[in-house]
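Structure, as structure tokens:
So you know, we letter chains A, B, ... as the sequences are listed, proteins then strands, and number each from 1.
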Amino acid sequence: MIRTRFAPSPTGYLHIGGARTALFSWAYARKHGGKFILRVEDTDLERSTQQSVQAILDGMQWLGLDCDEGPFYQMQRVERYQAVAEQLVNEGKAYRCYCTKEELDQMREAQRARGDKPRYDGRWRDSLQKPPPGVKPVIRFKNPEAGEVVWADQVKGPISISNGELDDLVLLRGDGVPTYNFGVVIDDLDMNITHVIRGDDHVNNTPRQINIYKALGATLPKFGHVPMILGHDGERLSKRHGAVSVMQYRDDGFLPEALVNYLARLGWSHGDNEKFSRDQLVEWFDLAHVSKSPARFDPDKLLWLNQQYMREAETPRLADLVQPFFAADQCSTDDGPALYAVIDLLRTRASSLRELADAAVFFYRPLEASAALRAQHYGADVRPAVEDLYKRLSSVVWNRAAINDVIKAVVGAHALKMPKLAMPLRVMVTGSTQTPSIDATLELIGKETVLARMSAELKQFPA
RNA sequence: GUCCCCAUCGUCUAGAGGCCUAGGACAUCACCCUUUCACGGUGAGUACGCGAGUUCGAAUCUCGCUGGGGACGCCA
């Protein structure tokens with residue numbers, strides 16, 4: 001039985017990188033009929049918050065990453081880590097270290113100055129000196145001094161690191177709280193994790209963890225390190241890159257299936273497939289086709305995918321989803337044309353719910369044209385045609401075909417080219433030059449409103 | 001600085017020695033459609049980082065260089 005997990009630390013929202021790691025881990029479990037476990041690594045007492053836990057849960061729920069077990073919290077398992085650490089000390093595989101933080105800082109600084117890789121020098125490893133008073137010791141792992149650690153990474157292939165590069169890492173802090181490298185090992189062991197799928201930034205931790213597994217006499221899980229996601233500029237993803245939180249994408253009007261599809265395709269591929277469903281992802285997913293190098297996040301491609309999904313989304317669902325965006329604009333869709341009809345007219349023109357709502361406001365509320373647009377389109381020469389159009393529209397049976405006939409008749413009667421009349425008409429009724437076809441737009445806005453807006457705007461024409 | 005990993009169009013990628021005069025997608029540009037803007041359709045330009053090998057043959061294998069990313073905490 002394959003068991004994977006996602007083990008975030010609750011020190012912020014669920015960001016794009018974490019979400020993709022979770023997605024891969026989830027997809028791997030689902031693909032193999034295994035279990036996906038959620039574990040909250042909250043051992044950083046300073047930075048962990050309940051809000052962050054909630055934010056991560058929310059993000060995962062929005063993306064549809066359902067877990068089979070958990071969430072488990074490491075802080076509820078501290079006795080367990082302490083017991084194992086104590087056991088390692090008793091077996092001579094770990095020891096207490098009484099260095100102060102200042103002492104360690106000093107040591108690292110000196111090493112850096114010498115151009116060495118900063119690492120603990122093992123001064124308490126086999127020390128017989130008396131513990132200094134008043135220092136709460138940490139428990140350090142006795143890392144093997146010789147040989148090398150090798151593993152077959154499920155995405156990167158074989159990786160080997162010499163033990164000479166590793167130092168004696170802290171297992172348990174002075175206050176008895178485990179460090180990351182110790183907590184993960186015990187938990188992955190206790191939770192029977194078979195495949196540790198995590199971010200690239202943990203590659204260097206893996207050999208340390210493997211040594212702990214070995215000291216415990218445990219069987220190793222498989223490790224797979226998925227590459228990082230970089231910002232559009234190739235830099236590490238940070239607040240500076242705008243939307244980094246998964247939930248921000250919801251708030252910006254993206255559909256979760258679009259983000260899932262995009263994230264899945266970023267750093268993983270299945271031939272030429274670009275757009276695929278969650279089920280297809282589960283069916284196709286494998287670690288072998290995960291890319292080995294970091295990928296840049298491309299907002300344009302996400303937008304394109306979102307547009308693809310919006311095109312085929314059920315209208316009632318889109319209506320529900322777009323409602324908050326109208327609310328944010330203080331635009332009520334209660335009066336005016338049916339929202340479903342508006343959505344169906346506009347859906348292929350928008351690549352996000354945000355854009356959809358923006359494009360729809362003039363159906364519900366008059367949008368004043370800019371002076372520049374008026375100047376450009378309200379010519380004295382078209383005024384007679386516009387007045388004529390107004391008159392004829394007043395008495396027409398209000399449907400698209402009839403409206404179209406009237407427009408064509410006026411164009412003919414005044415010897416105009418179509419855009420010469422259609423553009424000012426657009427600007428008058430919608431305040432914009434970019435709308436769906438004018439007859440469909442007018443039909444939907446409604447006769448009364450169209451005529452009212454026309455008559456108001458007629459006053460803006462030069463005499 | 002030390003260690004680890006990586007390297008195909010601007011971006012995401014296909015590619016497991018001959019199927020590659022390197023394929024797809026986003027973006028860009030052009031044309032078509034058109035009652036504006038979109039959508040849609042058609043097409044174009046654009047890549048195997050460099051240098052040595054191995055081989056009858058290399059984007060694919062080896063080595064070096066260069067470039068990029070990651071790590072070096074009583075953070076995770």
Under 4.0 Å between any heavy atoms, over every strand shown, what does [X] touch: base, sugar-phosphate, or nothing? Just pick one.
X	result
A:Asp439	base
A:Thr43	sugar-phosphate
A:Val138	base
A:Arg140	sugar-phosphate
A:Asn205	base
A:Cys99	base

Gap in Å between the two [atom1] atoms, one belonging to [N] and one to [M], rounded:
N	M	atom1	answer
B:G51	B:G15	P	26 Å
B:A47	B:C4	C1'	28 Å
B:C9	B:C48	C1'	10 Å
B:U8	B:G49	P	6 Å
B:A22	B:G40	C1'	29 Å
B:U66	B:U55	C1'	26 Å
B:A59	B:G17	P	13 Å
B:U46	B:U13	C1'	15 Å

In terms of ring plane angle, is the pair [X] and [Y] parallel, tilted or perpendicular, where the classes change at 30° and 60°?
X	Y	value
A:Phe285	A:Phe24	tilted
A:His195	A:Tyr28	tilted
A:Phe254	A:Tyr249	perpendicular

Check the side chains of A:Ser432 and A:Thr435 for a donor-acceptor pair under 3.5 angstrom, ignoring hydrogens and angles.
-> no
With distance as the sole criterion, is a donor-acceptor pair present between the side chains of A:Thr179 and A:Asn181 under 3.5 Å?
->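 A:Thr179 vs A:Asn181: no donor-acceptor pair found between side chains.
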Taking atom [atom2] of [N] as reference, at what distance in whole Å does atom [atom1] of [X] sit?
X	N	atom1	atom2	answer
A:Met310	B:A38	CE	P	17 Å
A:Phe276	B:G24	CZ	P	18 Å
A:Arg198	B:A71	CZ	P	13 Å
A:Lys417	B:U36	NZ	C1'	16 Å
A:Leu421	B:U36	CG	C1'	12 Å
A:Leu169	B:A71	CG	P	17 Å
A:Trp304	B:A27	CH2	C1'	12 Å
A:Asn306	B:C39	CG	C1'	15 Å

Using a cut-off of less than 4.0 Å, is there contact between a side-chain N or O of A:Arg236 and OP1 or OP2 of B:G70?
-> yes
Would you say A:Arg108 reaches B:C74's phosphate, i.e. side-chain N/O to OP1/OP2 under 4.0 Å?
->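 So the side chain of A:Arg108 is within the cut-off, an N or O lying under 4.0 Å from OP1 or OP2 of B:C74.
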Scan every strand shown for a Watson-Crick or G-U wobble partner of [N], both distances under 3.5 Å, and answer none if you come up empty.
N	result
B:C26	B:G10
B:A38	none
B:G1	B:C72
B:U62	B:A52

Going by an N to O cut-off under 4.0 Å, is there a salt bridge joining [X] and [Y]?
X	Y	value
A:Arg392	A:Asp388	yes
A:Asp44	A:Arg47	yes
A:Lys142	A:Asp168	no
A:Arg77	A:Asp190	yes

With A:Lys275, the side chain to side chain donor-acceptor pair (under 3.5 Å) member among A:Glu312, A:Gln308, A:Gln280 | A:Glu312
Only one of A:Arg208, A:Arg125, A:Arg123, A:Arg119 passes salt bridge (charged side-chain N to carboxylate O under 4.0 Å, His left out) with A:Asp167; say which it is.
->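 Among the candidates, only A:Arg208 passes.
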Going through the distances and angles, do A:Tyr309 and A:Asn261 end up as a side chain to side chain donor-acceptor pair (under 3.5 Å)?
-> CA-CA 10 Å; A:Tyr309 281 101; A:Asn261 191 156; 2.5 Å; yes
Its contact letters, B for base, S for sugar-phosphate only and - for none at protein heavy atoms under 4.0 Å, make nucleotides 1-16 of chain B read BBSSSSS---SBSSS-
Most 5' of A:Pro436 and A:Thr100 on RNA chain B, judged by nearest nucleotide |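 It is A:Pro436 whose nearest nucleotide is closer to the 5' end.
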Would you jot down, in residue-number order, the residues of residues 177-185 of chain A having a non-hydrogen atom under 4.0 Å from RNA chain B?
->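 Heavy-atom contacts with RNA chain B come from A:Thr179, A:Tyr180.
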